[in-house]
Amino acid sequence: MIEEITAKTILSRVSHDTWFGADYNMNLYRGCCHGCIYCDSRSECYQVEDFDRVRVKANAVQLLRRELAAKRSVGVVGIGAMSDSYNPFERQLQVTRGALEAIADAGFGVSLETKSSLVTRDIDLFLRIRDNHSAIVKLTITAADDALSRVIEPHASPSLERFAAVRALAEAGIFCGVLMTPILPYITDAEENIRELIRKTAEAGGKFVFSMYGVTLRTNQRQYFFDRLDESMPGMSARYKRVYGNDYYCPAPRHKQLKALVREECRKSGLLWRMPDIIRGYRKSDEDQLSLF
């Protein structure tokens with residue numbers, strides 16, 4: 001049984017030019033069971049105890065409907081920044097689906113990120129939201145092949161399933177693409193991996209690849225990351241400690257070259273890679289919004 005918690009509020013206001021054009025942000029679940037070894041949400045600063053145990057905000061949908069109705073300005077709601085809204089419990093609980101229905105009914109837009117192929121279940125709602133406002137779906141994929149993804153993201157959908165989800169979303173007409181974040185130094189920063197990720201995104205019909213050229217390591221998150229590396233890649237944590245010490249941000253050794261590589265490969269594949277372009281690509285302008293009415 002999943003533990004239920006009661007939330008006092010669900011929506012928080014954000015600056016829409018910072019992360020994929022979202023005006024509001026929310027998390028429907030607390031904690032995540034994907035087990036990604038690098039997850040920043042484990043960090044002490046977020047104060048999520050026992051992060052691998054998923055808890056559901058039982059009143060989330062009712063709260064969301066009430067708060068959306070009270071908003072003076074319609075905007076885009078971001079989902080999934082702290083915990084994946086398509087965890088295994090969502091298949092039966094359908095809290096995320098209920099939230100998408102509330103967003104569609106209120107005429108708001110959505111910006112959702114996930115590592116689960118379950119996202120394709122709700123294509124009908126993403127289309128409704130797109131038609132009423134705007135919608136973007138981001139599949140986080142950091143390793144082009146399943147073997148490596150199973151090591152660093154052990155309980156998430158395999159990479160190939162995530163690419164298949166991109167294809168299904170794109171074929172339905174939903175603006176979607178890949179978050180290639182983070183790039184893990186010495187683990188996923190090989191040029192071959194990056195080229196393959198971009199190629200597979202383009203083949204699946206994705207519109208963009210957005211990347212961060214390193215990984216952040218904070219209190220709690222850092223030790224968890226090192227412990228998992230010690231289990232699967234002996235010697236790798238010692239390498240990180242030697243190269244980065246206690247640095248918060250650990251850039252890939254050739255991050256400037258990798259950035260140029262992503263730019264070059266995305267251009268050749270017809271993909272967007274810059275945040276402002278991605279935002280413009282999916283968000284309807286004010287004139288577009290008015291024309292709906």
Side-chain angles (χ1 to χ4, degrees), residues 2-3 19-20 22 25-42 48 51-57 60-61 77-104 110-127 129-130 135-172 174-182 188 197 200-201 204-210 228:
I2 185 173
E3 178 186 348
W19 189 250
F20 289 96
N25 186 58
M26 71 173 178
N27 286 282
L28 302 166
Y29 293 87
R30 188 171 179 84
C32 184
C33 56
H34 286 337
C36 303
I37 67 173
Y38 52 75
C39 183
D40 179 71
S41 297
R42 295 181 183 279
V48 181
F51 182 77
D52 295 284
R53 181 167 56 90
V54 178
R55 285 135 286 181
V56 62
K57 298 178 181 178
V61 176
V77 178
I79 307 176
M82 281 288 294
S83 58
D84 201 316
S85 297
Y86 287 101
N87 59 68
F89 300 99
E90 169 61 23
R91 193 175 298 277
Q92 290 187 328
L93 295 179
Q94 299 198 21
V95 175
T96 300
R97 183 167 179 83
L100 292 173
E101 288 175 339
I103 290 169
V110 71
S111 170
L112 184 143
E113 55 203 68
T114 183
K115 292 177 183 171
S116 173
S117 58
L118 181 58
V119 67
T120 58
R121 178 198 66 186
D122 296 331
I123 283 176
D124 60 325
L125 291 174
F126 289 117
L127 290 174
I129 294 170
R130 180 204 64 184
I136 180 173
V137 177
K138 298 147 279 176
L139 272 294
T140 298
I141 311 177
T142 61
D145 69 279
D146 288 353
L148 183 54
S149 74
R150 288 192 185 99
V151 173
I152 60 178
E153 301 149 350
H155 307 306
S157 297
S159 291
L160 292 183
E161 285 188 16
R162 284 178 253 172
F163 281 118
V166 172
R167 182 181 298 278
L169 291 161
E171 288 179 350
I174 297 165
F175 193 96
C176 61
V178 166
L179 291 181
M180 191 167 58
T181 62
T188 62
L197 274 164
K200 288 183 175 180
T201 301
K207 298 293 187 183
F208 62 88
V209 169
F210 184 79
R228 299 294 81 74

**Q** When you look at Tyr86 and Asp122, which way does the side chain to side chain donor-acceptor pair (under 3.5 Å) test go after all the steps?
**A** CA-CA 11 Å; Tyr86 287 101; Asp122 296 331; 2.7 Å; yes

**Q** Out of curiosity, Leu169 CG to Leu139 CG, how far, rounded to the nearest 0.5 Å?
**A**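 These two atoms lie 6.5 Å from each other.
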
**Q** On a heavy-atom basis, which atom in His34 and which in Asn87 lie closest, and how many Å separate them?
**A**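 For His34 and Asn87, the tightest heavy-atom pair comes out as CE1-CA, 4.5 Å.
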
**Q** Using modelled atom types and a 3.5 Å cut-off, is there a donor and acceptor pairing between side-chain atoms of Asn27 and backbone atoms of Met82?
**A**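 Between the backbone of Met82 and the side chain of Asn27 there is a qualifying donor-acceptor contact (under 3.5 Å).
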
**Q** Can you check side chain to side chain contact (heavy atoms under 4.5 Å, CB included) on Leu148 and Thr188, steps first, answer last?
**A** CA-CA 9 Å; Leu148 183 54; Thr188 62; 3.9 Å; yes

**Q** Looking at Asn25 and Gly78, what are the two nearest heavy atoms and their distance?
**A**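 Shortest heavy-atom separation between Asn25 and Gly78 comes out as OD1-O, 3.4 Å.
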
**Q** If you count heavy atoms of other groups shown closer than 6.0 angstrom to CZ of Arg53, is the number above 12?
**A**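 For Arg53, atom CZ is crowded (more than 12 foreign heavy atoms under 6.0 Å).
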
**Q** Compare every heavy atom of Pro154 with every heavy atom of Val151, then report the nearest pair and how far apart it is.
**A**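 Shortest heavy-atom contact: O-CD, 3.9 Å.
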
**Q** I need the minimum non-hydrogen distance between Ser159 and Ile141, along with the two atoms involved.
**A**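 For Ser159 and Ile141, the tightest heavy-atom pair comes out as OG-CG2, 3.8 Å.
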
**Q** Answer yes or no: is there an ion pair linking Arg162 with Asp146, defined by an N-O contact shorter than 4.0 Å?
**A**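 A salt bridge is absent here (no side-chain N lies under 4.0 Å from a carboxylate O).
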
**Q** Can Arg55 and Phe89 be said to form a side chain to side chain contact (heavy atoms under 4.5 Å, CB included), step by step?
**A** CA-CA 10 Å; Arg55 285 135 286 181; Phe89 300 99; over 6 Å; no

**Q** Between atom NE2 of His155 and atom SG of Cys32, what is the distance when rounded to the nearest 0.5 Å?
**A**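 If we round to the nearest 0.5 Å, His155:NE2 and Cys32:SG are 10.0 Å apart.
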
**Q** So do Met26 and Ile79 actually touch side chain to side chain, heavy atoms under 4.5 Å?
**A**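 Yes, their side chains come closer than 4.5 Å.
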
**Q** Could you measure the distance from the CG atom of Leu160 to the CZ atom of Phe163? Nearest 0.5 Å is fine.
**A**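 These two atoms lie 7.5 Å from each other.
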
**Q** Could you check whether any side-chain heavy atom of Leu93 comes within less than 4.5 Å of a side-chain heavy atom of Tyr29, counting everything from C-beta outward?
**A**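 In short, these two side chains touch, coming nearer than 4.5 Å.
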
**Q** Using every non-hydrogen atom in the two residues, find where Arg42 and Gly35 come nearest and quote the distance to one decimal.
**A**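 Nearest heavy atoms, Arg42 then Gly35: NH2-CA, 4.0 Å.
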
**Q** Should the pair Phe210 and Phe20 be assigned to parallel (<30°), tilted (30 to 60°) or perpendicular (>60°) ring geometry?
**A**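 It falls in the perpendicular class, over 60°.
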
**Q** Rounded to the nearest 0.5 Å, how far does OG1 of Thr142 lie from CG of Leu179?
**A**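 Between Leu179 CG and Thr142 OG1, I get 10.5 Å after rounding to 0.5 Å.
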
**Q** Taking the basic N atoms (NZ, or NE/NH1/NH2) and the acidic carboxylate oxygens, is any pair closer than 4.0 Å for Lys115 and Glu161?
**A**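 Here Lys115 does not pair with Glu161 in a salt bridge, since their nearest N and O are not under 4.0 Å apart.
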
**Q** Can you measure from CZ (Phe175) to CZ (Phe208) and round to the nearest 0.5 angstrom?
**A**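 Going from the CZ atom of Phe175 to the CZ atom of Phe208 covers 6.0 Å.
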
**Q** Report the C-alpha separation of Arg97 and Leu125 in whole Å, then their side-chain angles, then the decisive distance to 0.1 Å, and conclude whether the side chain to side chain contact (heavy atoms under 4.5 Å, CB included) test is met.
**A** CA-CA 8 Å; Arg97 183 167 179 83; Leu125 291 174; 3.5 Å; yes

**Q** So, Ser85 versus Glu90: side-chain donor-acceptor pair below 3.5 Å or not?
**A**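 No pair is found: no donor N or O on one side chain lies under 3.5 Å from an acceptor on the other.
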
**Q** Does a side chain donor of either Lys138 or Thr114 reach within less than 3.5 Å of an acceptor in the other side chain?
**A**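 Not at all, the side chains of Lys138 and Thr114 share no donor-acceptor pair under 3.5 Å.
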
**Q** Walk me through whether Thr96 and Val119 qualify under side chain to side chain contact (heavy atoms under 4.5 Å, CB included).
**A** CA-CA 9 Å; Thr96 300; Val119 67; over 6 Å; no

**Q** Check Ala60 against Val95 and note the closest heavy-atom contact, atom names and distance.
**A**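 So the two residues come closest at CB-CG1, 4.3 Å.
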
**Q** Is there side-chain contact between Arg91 and Leu118, with at least one heavy-atom pair below 4.5 Å?
**A**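 A side-chain contact exists here, since the closest heavy-atom pair is under 4.5 Å.
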
**Q** Can you confirm whether Ile136 sits close enough to Val110 that some side-chain heavy atom of one is under 4.5 Å from a side-chain heavy atom of the other?
**A**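 They are not in side-chain contact.
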
**Q** Flag the pair Ile174 / Leu127 as yes when at least one side-chain heavy-atom distance between them is below 4.5 Å, and no otherwise.
**A**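 Ile174 reaches Leu127 side chain to side chain.
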
**Q** Roughly how far apart are Cys33 SG and Asp84 CG, rounded to 0.5 Å?
**A**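 Going from SG on Cys33 over to CG on Asp84, the span is 8.5 Å.
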
**Q** With a 4.5 Å cut-off on side-chain heavy atoms, are Val178 and Thr140 touching?
**A**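 With C-beta onward as the side chain, the pair stays apart.
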
**Q** Is Lys207 atom NZ crowded by more than 12 heavy atoms from other residues, nucleotides or ligands, each under 6.0 Å away?
**A**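 No.
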
**Q** Taking side chain as C-beta onward, heavy atoms only, is Arg167 less than 4.5 Å from Thr120?
**A**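 Sidechains of Thr120 and Arg167: no contact.
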
